[in-house]
There are 2 protein chains.
Amino acid sequence: MSTERGYHHGDLRTALVQASFELLADGGLQRFSVAAVARRLGVSSAAPYRHFPDRAHLLGAVSAAAARDLGTAITAAADAAGPDPAERLAAVAGAYVRYVARTGAGFQVIYAAELYDFPDDARREQTRALMTTLIDLATATGSSSFQEALQLVEATIAVAHGYTSLLADGFFARKAHSADAVADRATAATRALVTRPRR
Amino acid sequence: MSTERGYHHGDLRTALVQASFELLADGGLQRFSVAAVARRLGVSSAAPYRHFPDRAHLLGAVSAAAARDLGTAITAAADAAGPDPAERLAAVAGAYVRYVARTGAGFQVIYAAELYDFPDDARREQTRALMTTLIDLATATGSSSFQEALQLVEATIAVAHGYTSLLADGFFARKAHSADAVADRATAATRALVTRPRR
DNA sequence: GTCTATATCTAGATAGAC
DNA sequence: GTCTATCTAGATATAGAC
């Protein structure tokens with residue numbers, strides 16, 4: 001890892017978002033800072049402010065990109081899981097765990113509290129599309145109402161997010177669970193959830 | 001909320017732990033700081049350091065107390081749920097959601113990464129006892145091995161922690177879900193998990 | 001479009017007065 | 001046992017040079 005400082009040539013805006021993901025994967029939202037992103041790219045701490053007015057706007061761009069990429073990953077995983085609706089929804093949980101383990105950008109970033117007051121149109125469109133994808137997958141399992149489908153989405157996301165949080169918080173550290181192993185458990189748990197009717 | 005400064009008379013050590021819980025309930029671990037705890041009690045920022053050598057030791061005391069109280073809450077909820085082992089384990093998830101919604105101190109605090117290097121005997125004993133309680137409740141559902149019971153505990157905790165995280169991260173904010181409503185969903189989800197065999 | 005330099009703020013932690 | 005005062009470190013953000 002080089003710490004040399006130099007003039008950045010190219011698309012710094014894109015590079016800042018990319019470096020933010022790397023930083024999140026390394027240390028989570030807790031250690032995310034504009035200064036650290038700049039450091040990682042070898043530019044001055046002032047450089048990011050030419051492209052984003054403040055921390056929230058940079059994080060908002062990361063949030064939008066994460067919502068988009070997570071949606072893509074989820075759709076791909078569902079399609080790879082075959083035609084059975086229950087298997088397709090179960091695959092969502094696995095895809096979520098894998099995506100967050102790889103990028104560090106789960107719902108705690110996509111829906112970060114500090115972004116609540118910054119309604120960015122691009123970001124809102126991505127989160128809306130992601131939610132639509134999830135609702136559709138849940139509805140296909142035979143939900144009799146939107147409410148029921150929504151609750152199934154919530155349960156699926158809760159399971160997946162719960163496993164990733166425990167993974168990130170070091171709960172599994174001693175056992176050295178791999179991200180793939182945890183993803184498989186999240187998938188199995190969601191399969192149980194969807195196969196058996198909820199109350 | 002008063003911000004007046006005054007000499008603290010009484011058990012400041014206990015008051016610091018108590019105020020830490022209030023701070024966690026308000027803003028989560030992200031906004032926890034020794035300075036903020038002192039501010040909340042109206043004492044100087046130096047005062048806490050007479051009772052705890054550093055931030056980690058204060059947080060460690062909070063972690064130990066949370067593990068103890070959470071264990072008590074879980075045992076009480078299981079007992080209130082009756083004799084059926086599946087219902088008892090399902091009640092654990094509900095109790096977890098309610099405890100964390102009330103205190104802010106869940107596994108992300110109890111097993112905080114920053115405490116990993118500070119093996120405090122008192123804290124370790126509380127976390128060990130909590131884990132034993134959980135394993136016993138899981139084993140009673142008919143697990144054929146310790147490994148299987150452990151995985152069931154992980155699944156139960158993942159579900160409960162997932163729901164609380166989504167609650168804390170504002171995912172449910174727009175719908176104004178109450179903590180009790182979310183706790184009921186966590187209970188129902190865990191019931192589905194334990195009733196149906198996992199792979 | 002990025003740099004250096006700087007102002008402001010907050011937190012962790014310590015020294016010495018009372 | 002708590003205070004005031006202070007040091008250090010890191011973050012956000014801005015001003016002005018190049």
Side-chain angles (χ1 to χ4, degrees), chain A residues 1-20 22-24 26-63 109 112-118 120, chain B residues 1-20 22-24 26-63 109 112-118 120:
Chain A
M1 187 194 316
S2 156
T3 51
E4 58 183 317
R5 174 77 59 82
Y7 206 93
H8 191 271
H9 299 280
D11 190 352
L12 181 56
R13 190 193 157 93
T14 301
L16 286 165
V17 173
Q18 173 58 33
S20 294
E22 295 170 15
L23 196 60
L24 288 169
D26 274 13
L29 192 55
Q30 215 135 42
R31 280 197 269 193
F32 172 86
S33 76
V34 178
V37 175
R39 228 179 283 127
R40 179 173 282 263
L41 288 174
V43 297
S44 78
S45 64
Y49 292 94
R50 284 290 124 188
H51 301 273
F52 299 97
D54 55 28
R55 168 191 162 106
H57 281 79
L58 170 54
L59 200 57
V62 173
S63 166
V109 170
E114 57 186 301
L115 298 180
Y116 196 81
D117 297 327
F118 290 78
D120 168 9
Chain B
M1 184 193 318
S2 157
T3 50
E4 59 184 314
R5 175 77 60 82
Y7 206 94
H8 191 271
H9 299 280
D11 189 352
L12 181 56
R13 189 193 158 93
T14 300
L16 286 166
V17 173
Q18 173 59 34
S20 294
E22 294 170 16
L23 196 60
L24 288 169
D26 274 13
L29 191 54
Q30 214 135 43
R31 281 197 268 191
F32 172 86
S33 75
V34 178
V37 175
R39 230 178 281 128
R40 180 173 280 263
L41 288 174
V43 297
S44 77
S45 63
Y49 293 94
R50 284 291 124 188
H51 300 274
F52 299 97
D54 54 29
R55 171 193 161 104
H57 281 81
L58 170 54
L59 200 57
V62 174
S63 165
V109 171
E114 56 187 301
L115 298 180
Y116 196 81
D117 298 327
F118 290 77
D120 168 11

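So you know, we letter chains A, B, ... as the sequences are listed, proteins then strands, and number each from 1.
Dashed line: the shortest gap from a side-chain N or O of A:R31 to OP1 or OP2 of D:dA11 is not under 4.0 Å. Residue B:R39 places at least one side-chain N or O under 4.0 Å from the OP1 or OP2 atom of C:dA11. Applying the 4.0 Å criterion to OP1 and OP2 of C:dA11, one finds that B:S33 has a side-chain N or O inside that range.
Rounded to the nearest 0.5 angstrom, B:H51 NE2 and B:D11 CG are separated by 8.0 Å. Rounding to the nearest 0.5 angstrom, the gap separating the CG atom in B:L16 from the CZ atom in B:R50 is 13.0 Å.
Side-chain N or O atoms of B:S63 include none that pairs as donor or acceptor with a backbone N or O of B:L59 at under 3.5 Å.
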I'd like to compare against my own output: the B/S/- annotation of nucleotides 13-18 of chain D with a strict under-4.0 Å heavy-atom distance to protein. BB----
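Taking atom CG on B:L59 and atom P on C:dG12, their separation rounds to 11 Å, with Å as the unit. C:dC3 atom C1' lies 13 Å from atom CG of A:L12, rounded to whole Å. Between A:L58 atom CG and D:dA11 atom C1' the separation is 14 Å, expressed in whole Å. A straight line from CZ of B:F32 to P of C:dT10 spans 18 Å, rounded to a whole angstrom. The separation between A:F52 atom CZ and C:dT2 atom P is 12 Å, rounded to whole Å. Taking atom CD of A:Q30 as the reference point, atom C1' of C:dT10 lies 16 Å away to the nearest angstrom. Rounded to a whole Å, the CG atom of B:L16 is 8 Å from the P atom of D:dT2. With rounding to whole Å, A:R40 atom CZ is found 13 Å from D:dA11 atom P.
With sequence neighbours excluded, the residues satisfying side chain to side chain contact (heavy atoms under 4.5 Å, CB included) with B:Q18 are B:E22. In terms of the side chain to side chain contact (heavy atoms under 4.5 Å, CB included) criterion, residue partners of A:H57 (sequence neighbours excluded) are, by chain and number, A:F52, A:P53, A:D54, A:F118.
When all heavy atoms of A:E114 and A:R55 are compared, the closest pair comes out as OE1-NE, 2.8 Å. Nearest approach of A:S45 to A:A38, heavy atoms of both residues: CA-CB, 4.0 Å.
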